[in-house]
Amino acid sequence: MNQQNLGVSKSIAAHYDRGDIASRVFAGLQASGKNLDALTREDLAPVDQFHARGTMATLELLELAAMPEGCNVLDVGGGIGGSARLISAKLKAHVTVLDLSVDFCLAGERLTRQMGQDKQVSFKHGDATDMPFPDAGFDAVWTQHSSMNVADKTALYREAFRVLRPGGKLALHEVMGGFVTPPHFPVPWANQSCTSFLAPATEVNAIIHAAGFTELKWLDVTEPTRAWAQQTRAALEAQVGRPPALGLSTILGAETGHMTMNFIRNLLEDRVTVFCGVFQKAHTL
Ligand SMILES: C[S@@+](CC[C@H](N)C(=O)[O-])C[C@H]1O[C@@H](n2cnc3c(N)ncnc32)[C@H](O)[C@@H]1O
């Protein structure tokens, strides 16, 4: 990686590296009256489903991807592991989270231990454009709302292809470029434009094909995401000055409301779109 890319990568990691996230999550859960020894996925969802439409979007992608029980999944940019824990529980799968943020990996490990899933879900610090895994080791590569931070999408999907076994699937749920530019900043994935890399959906789709994948599903989910955005905006307006005990602000701090409002504006003004896709690596190459 050259010096300039290294600097960008460090700035992206610094956006997510927010200290002892797990302790703040546990404090938020206790303040909401939750029993830390009997946590449910729903308790953690306000903070560990760090993407538009939360758990609903994750369940929809799970259905779309149709991954087999017991599979070995890599969650690229999996954050603090909400989707990884959900996939593991639903499919009895082993899930490895790869993430650029050390603090997210550490928080993910603690939350996963607390949920009693640390035998099935593990965390690895690293970069999606240079994955620290051997060829053909995973049955599926999963990724939600992480490619916005990745400038070199050719390397991202080339690596996804490399680490998949023949016949394996890539499942994605990603924010992409819109018809109007530029987006408003800050947004939840970037404080400024130099760490945000939104490409038009047609371009991303072409890059995935060029990596060698066969397309199984490609869905524009911008409209349902806009409906979610309207509801989220109303909820945020109702709670101004009174952030919830547990939410994205537990990770990103006081700027979270502003970031989320900008994401909503970007959606409603056609500055970003949201797509889901499922692709397959051929059984025989
Ligand atoms: C918006 S969060 C989404 C987290 C998670 N996928 C979810 O939906 O809850 C984006 C995540 O992508 C990770 N990320 C960004 N660029 C990355 C890269 N080049 N390699 C690995 N992870 C990356 C960030 O550290 C962060 O955890």
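Below, all heavy atoms of this structure are taken into account, side chains as well, without hydrogens, waters or symmetry copies. Each ligand, and each atom within it, is numbered from 1 in the order the structure gives.
- Protein residues having a heavy atom under 4.0 Å from any atom of ligand 1 are Y16, D48, Q49, F50, H51, G77, G78, G79, D99, L100, S101, F104, G126, D127, A128, Q144, H145, S146, N149, V150, listed by chain and number.
- Salt bridge absent: R162 and D130 never bring a charged side-chain N and a carboxylate O closer than 4.0 Å.
- Listed for the S88 side chain is a donor-acceptor partner under 3.5 Å among the backbone atoms of A93.
- Ring-centre distance between Y157 and F213: not below the 6.0 Å cut-off.
- At most 12 non-hydrogen atoms from other residues, nucleotides or ligands lie less than 6.0 angstrom from CD of E63.
- Within the structure, the ring-ring contact (aromatic ring centres under 6.0 Å, His included) test picks out the following pairs touching residues 33-56 (sequence neighbours left out): H51-H145, H51-H173.
- Contact check on E60 versus R53 returns a salt bridge, with a Lys/Arg side-chain nitrogen under 4.0 Å from an Asp/Glu carboxylate oxygen.
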